[in-house]
Enquirer: 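Pasting a structure below so you can have a look.
Owing to the predicted nature of the structure, the values given are computational and were not obtained by experimental measurement.
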Amino acid sequence: MKKIICLSLLLVCGTYSLLKCQSFGDEKNAAINFIKRAYKASPFEGVKTLEGEETNYYVVAVRIESSDIKSDLVSNALLKAQVLAEQGLVEPSVKYEMIEEISNQHYTTYLFTCETLSSFIINLLRKKMLDGAKIISAPSNKFITSIVTLENSKYSSNEQRDKVAYMKAKQYVNTLVNGSTITSDFIIRT
């Protein structure tokens, strides 16, 4: 019994040291390799969160039985991955990437990484500050986001600033959805 306990502690300590040794900053390949090794050491189905030094990685494992053979297994696995991610994460997720396909006689497991919608938008804003509305697509959902940048010094209160931001956000969405823009206005006093 002591040998089994020592072996399991060695696996846990070894996994922890691998996590600390990997560069999770700009090296996504290192994270993907770690995810593959972690899954092979302890297979699962559903969503797991791996905490890196700079970001979190969300892993979704989808198992499809060999009797469920359909024309496009990867797209079926992708849709199932989004359902599992919605059940396991607090917020919607986007940007699914398949990193591994593991097959045996009875089933095939697909490993995906995904990103939460809020972190996707934050990373998008870090790259380039842009105002406007965008449609962000996931395998079975589409999300519309509106980004507004305002200067705090121009507004006397937070409530006033928030009202202006709300109106501008609605305008951006209206422009995106309906294609209409207001180019000029003319006030006629009667």
Enquirer: Should Y58 and I122 be counted in the same cluster of Ile, Leu, Val, Met, Phe, Trp and Tyr side chains packed under 4.5 Å apart?
Expert: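 As far as the 4.5 Å side-chain criterion goes, I122 and Y58 are not connected within one cluster.
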
Enquirer: Mind listing the closest non-hydrogen atom pair of V62 and A77 along with its distance?
Expert: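 What the structure gives for the nearest pair is CG2-O, 3.7 Å.
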
Enquirer: OG1/T109 to CD/E100 distance, rounded to the nearest 0.5 angstrom?
Expert: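 Rounded to the nearest 0.5 Å, the OG1-CD separation comes out at 10.0 Å.
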
Enquirer: Are L117 and L125 linked, directly or through intermediate hydrophobic residues, by side-chain heavy-atom contacts shorter than 4.5 Å (ILVMFWY only)?
Expert: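 Yes: a chain of side-chain contacts under 4.5 Å links L125 to L117.
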
Enquirer: Testing L176, V173, L124 for side-chain contact (heavy atoms from CB on, under 4.5 Å) with K134, which one passes?
Expert: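 With K134 as partner, L176, V173, L124 yield a single side-chain contact (heavy atoms from CB on, under 4.5 Å), made by L124.
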
Enquirer: Taking the side chain as C-beta and beyond, is there a heavy-atom pair between K154 and V164 under 4.5 Å?
Expert: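 They are not in side-chain contact.
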
Enquirer: Quick one: list whatever passes side chain to side chain contact (heavy atoms under 4.5 Å, CB included) with T149, sequence neighbours left out.
Expert: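 Only M129, D131 meet the side chain to side chain contact (heavy atoms under 4.5 Å, CB included) criterion with T149.
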
Enquirer: What do you reckon, is CZ of F44 surrounded by more than 12 foreign heavy atoms closer than 6.0 Å?
Expert: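 Counting other residues, nucleotides and ligands, CZ of F44 exceeds 12 neighbours.
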
Enquirer: Count I, L, V, M, F, W, Y as connected when their side-chain heavy atoms are under 4.5 Å apart, and connections chain through other members. Are Y172 and I144 then in the same cluster?
Expert: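 No; tracing contacts between hydrophobic side chains, which count when under 4.5 Å, never links both residues.
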
Enquirer: Could you give me the CA-CA distance, side-chain angles and deciding distance for N123 and R126, then say whether side chain to side chain contact (heavy atoms under 4.5 Å, CB included) is met?
Expert: CA-CA 5 Å; N123 290 336; R126 283 184 183 153; 3.7 Å; yes

Enquirer: Taking all atoms of both residues into account, what is the closest heavy-atom pair of P43 and K40, and its distance?
Expert: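 Closest heavy-atom pair between P43 and K40: CD-O, 4.2 Å.
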
Enquirer: Rounded to the nearest 0.5 Å, what's the gap from OH on Y96 to CG on L79? Could you check?
Expert: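 One gets 10.0 Å once the value is rounded to the nearest 0.5 Å.
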
Enquirer: Given M98 and L78, is the side chain to side chain contact (heavy atoms under 4.5 Å, CB included) satisfied, shown in steps?
Expert: CA-CA 8 Å; M98 188 175 78; L78 190 58; over 6 Å; no

Enquirer: Out of curiosity, K163 NZ to Y155 OH, how far, rounded to the nearest 0.5 Å?
Expert: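 Here the rounded value is 13.0 Å.
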
Enquirer: Which value, rounded to the nearest 0.5 Å, describes the distance between D162 atom CG and E159 atom CD?
Expert: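 Reported to 0.5 Å precision, the distance equals 7.0 Å.
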
Enquirer: Could you tell me which non-hydrogen atom of C114 sits nearest to which non-hydrogen atom of S93, and how far apart they are?
Expert: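 Result for this residue pair: SG-CB, 3.9 Å.
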
Enquirer: How far apart are the closest heavy atoms of E45 and A61, and which atoms are they?
Expert: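 Smallest interatomic distance, heavy atoms only, reads CG-O, 3.4 Å.
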
Enquirer: Anything under 3.5 Å between a donor and an acceptor, one on a side chain of residues 81-89, the other on a protein residue two or more places apart or in another chain? List them.
Expert:
residue : atom : partner : partner atom : Å
Q82     : OE1  : S140    : N            : 2.7
Q82     : OE1  : S140    : OG           : 3.0
Q82     : NE2  : E86     : OE2          : 3.3
E86     : OE2  : N141    : ND2          : 2.7

Enquirer: Can you measure from CZ (F112) to CD1 (I99) and round to the nearest 0.5 angstrom?
Expert: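 One gets 9.5 Å once the value is rounded to the nearest 0.5 Å.
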
Enquirer: Going through the distances and angles, do V59 and Y39 end up as a side chain to side chain contact (heavy atoms under 4.5 Å, CB included)?
Expert: CA-CA 10 Å; V59 183; Y39 179 81; over 6 Å; no

Enquirer: Give the minimum heavy-atom separation between K80 and R63, together with the two atoms involved.
Expert: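 Heavy-atom minimum between the residues: NZ-O, 3.0 Å.
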
Enquirer: From I121 CD1 over to I147 CD1, what is the distance, rounded to the nearest 0.5 angstrom?
Expert: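 Here the interatomic distance stands at 6.0 Å.
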
